[in-house]
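Just below is one structure, and these are the notes that go with it.
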Amino acid sequence: MSTRIATRFAALKAQNRPALVAYVMAGDPDQATGQAILDMLPQAGADIIELGMPFSDPMADGVSVQRAGQRALAAGQTLRGVLAMVEDFRRKDTTTPIVLMGYYNPIYSMGVDAFLTAAVQAGVDGLIVVDLPPEEDDELCLPAMAVGINFIRLATPTTDDQRLPVVLNNTSGFVYYVSMNGVTGAAIKSRGAVGDAVARIKGHTDLPIVVGFGIKTADDAADIGRHADGIAVGSVLVDTVGNSLLDGKPTDKTVGALRDLVADLAAGVKRARA
Amino acid sequence: MDGTNSLRNGPDEAGNFGQFGGRFVAETLMPLILDLEAHYRAAKLDPEFKAELSDLSINYAGRPSPLYYAKRITEQLGGAKVWFKREELNHTGSHKINNCLGQILLAKRMGKTRVIAETGAGQHGVATATVCAKFDLPCTIFMGATDVERQMPNVLRMKMLGAEVRPVTAGAGTLKDAMNEALRDWVTNVDTTYYLIGTAAGPHPYPEMVRDFQSVIGTELKEQFHKAEGKLPDAVVACVGGGSNAIGTFHAFLDDASVAIYGAEAGGHGIDVENGHAASMTGGRPGVLHGNRTYLLQDKDGQILEGHSISAGLDYPGVGPEHSFLHDTKRVTYAPITDNEALEAFQLCTKLEGIIPALESAHGLALLMKVAKTMGKDQSIVLCLSGRGDKDVESVGKYLGLLK
Ligand SMILES: Cc1ncc(COP(=O)(O)O)c(C=O)c1O
């Protein structure tokens, strides 16, 4: 079965450029604006969308994503609301892959079966669930695979050669390489080390490798994207949303500011191997 | 007992107590958690580790802690004989030191050069800062901003002991938020840093390891009670925050069917007040947070609630996974105690026995008072008096109107 994610990476390979994976928080700063942002991302240049599922206790996220999640929750976002956004998006766009990213408890609370049924129906392509390592594959990874949703795993600098096969086993869609030990929004310490790590992981898998955490500018995107199959950008995007607000409310600049930034980053990935 | 039906065998290899427990952490932390488990298994078998821990427990922490017959409270209640296991007499003033001594020896064995910890009441922070001073390791303590305010004496103690105290303003500024921030620090500094978790919760192997280090409470208690009365106690009671003093007290008695076991949860303003208590088992449902599956206070969408308790050490929306298991199997009876009930028990203990208990321990005492009255005079009930109340005198004084 050819998935949207596989199809997209194949197309980008033909163009000889890495994917721009754009992360936004679903329903930040509110449901309507969040939907407008989501719908705008493909035209602005995002190849794959990571849609954040807000959680009260995002233990692996820095302040930018924490605040974005708080804004979405304050505006009434729920997991069912996130799925409704995807469903709405899919009516207009049937090709751009959407990967939901977040933490396990809201999914567990909804019920894994109910969640997966709704996710398939909405048109979700993949899941990144930060607090589900391979040791807990029975929870969600295996059931997701069974219904054709990719379970995308994070590999990190602490994932050594001995552990890498454990992490890659049951991973599908792509591998998300976390560029550093740290939370989202921190700075990459060594770009050289990231390149080496991508090469190391490529020795273990044919899956595309997306590098995320700490990528902030078009130059970062071009630089890191030279060796990776994709780069993921999140904190600067959600900060752009946050900075565009007035008294917590969206302004006429909110969607446009994000569109400009995504377009700039898209130019970065386009010159990565030019 | 051949052990097959024992309640004392948990967790299994994956860290599960029945359906509770597990290792729900980010990949960055997984290798470290596996490494910690390997070191812990090795240390457990190492006579040198055992000897060093035993020596520190006796000569540094002051173990064994006494078992004390509380005569005036017994008379006042008119039921079972009331006893206190005096963990508040330990060095640093609570049971927390038992766990810190064990884990700091592990941190050393693993070659870690920095220690972090979360704290609610500040007792675990103080115990951590203490062992870090003794073993010459820098430490950072994460503490909710609300707790920094209500447990100021402990903040000062930590600072004097050389710890950096980082107030956490996220959320309600209590223990849950401190734990989130500690986890973020850990992910960032995983190569150098040992996370010294203060309660029997978190990812495997912490719940098991902390329980083992705290089990000295119940083991001693059993022996001391036998020496005093020639039998087993009829009931034991402890307060439950994350559940370390409670599981440490209970574990030795889990297979003794004649011993009734009670855990006091923080009932705050009352169990019916939404988001007004921290009784995760009485008022929550199973979920996944901070590395384990356990009972949690959460809304219908699975977002975690802040909860409330007068006691900073019990003000946490979760509980250690072994308690969730013992709750489901009904081996232990968990009951909520309100802020006001705890304040009453605090005053009674102070006036009748001349012992100022920690507000956390006062929750246990309040539950004991309810249970003891229903028991016969020939029966005995033992409270784990987990900590002393010096840290609470200002807060309690405010509640009682003794300060303007
Ligand atoms: C004196 C005392 N008792 C009990 C607790 C609650 O922790 P646990 O449930 O892990 O024993 C604390 C925590 O701060 C404490 O300081």
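Below, chain A is the first sequence line, B the second, and so on; all start at residue 1.
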Looking only at atom types and distance, does a side-chain atom of A:Glu135 sit under 3.5 Å from a main-chain N or O of B:Ala14, one as donor and one as acceptor?
no

Between chain A and each of B:Asp299, B:Leu305, B:Asn180, count heavy-atom pairs under 4.5 Å; write down the option with the most.
B:Asn180

Evaluate the side-chain proximity of B:Val288 to A:Asp131: yes if any heavy-atom separation is below 4.5 Å, no if none is.
yes

Only pairs of heavy atoms separated by less than 4.5 Å count here; which of A:Arg153, A:Gln70, A:Glu139, A:Gln162 has the most with chain B?
A:Glu139

Only pairs of heavy atoms separated by less than 4.5 Å count here; which of A:Val178, A:Ile107, A:Val130, A:Val166 has the most with chain B?
A:Val130

Inspect the surroundings of CD in B:Gln19 and state if more than 12 heavy atoms from other residues, nucleotides or ligands are less than 6.0 Å away.
yes

Point-to-point distance, once rounded to the nearest 0.5 Å, from CE of B:Met30 to CG of A:Leu154
13.5 Å

Drop me the distance from A:Thr156's OG1 to B:Leu29's CG, to the nearest 0.5 angstrom.
8.5 Å

Say you draw a straight line from CD of B:Glu27 to OH of A:Tyr176; how long is it, rounded to the nearest 0.5 Å?
14.0 Å

Closest heavy-atom contact between A:Pro58 and B:Arg184?
O-NH2, 2.8 Å

Take a 6.0 Å sphere around CZ of A:Arg71 and say whether it holds more than 12 heavy atoms from other residues, nucleotides or ligands.
yes

Taking side chain as everything from C-beta outward and backbone as N, CA, C, O, which of these in A:Val167 sits under 4.5 Å from a heavy atom of chain B? Side chain, backbone, both or neither.
side chain

Ignoring hydrogens and angles, tell me if any N or O in the side chain of A:Arg80 forms a donor-acceptor pair with the backbone of B:Asp301 under 3.5 Å.
no

Contact winner vs chain B - A:Ala60, A:Gly182, A:Ala186, heavy-atom pairs under 4.5 Å
A:Gly182

To the nearest 0.5 Å, how far apart are CD1 in B:Ile304 and CZ in A:Phe55?
4.0 Å

May I ask you to decide if A:Asn181's main-chain N or O and B:Thr28's side chain share a donor-acceptor pair within less than 3.5 Å?
no

Per-residue tally against chain A (heavy atom, under 4.5 Å) across B:Pro203, B:Ala182, B:Ala26 peaks at B:Ala26

Quick check for you: to the nearest 0.5 Å, what is the distance between B:Lys176 atom NZ and A:Met59 atom CE?
9.5 Å

Toward chain B, the part of A:Asp160 with a non-hydrogen atom under 4.5 Å
neither

Minimal non-hydrogen separation, A:Tyr108 against B:Pro286, with atom names
CE2-O, 3.5 Å

Atom CG of residue position A:Asp161 - does it have more than 12 heavy atoms of other residues, nucleotides or ligands inside 6.0 Å?
yes

Under a 4.5 Å heavy-atom cut-off, does chain A meet the side chain of B:Leu296, its backbone, both or neither?
side chain

Applying a strict 4.5 Å limit to non-hydrogen atoms, the region of B:Glu306 in contact with chain A is neither

Could you measure the distance from the CD atom of B:Gln303 to the CG atom of A:Asn105? Nearest 0.5 Å is fine.
8.0 Å

Heavy-atom closest pair, residues A:Ser109 and B:Gly302:
OG-N, 3.5 Å

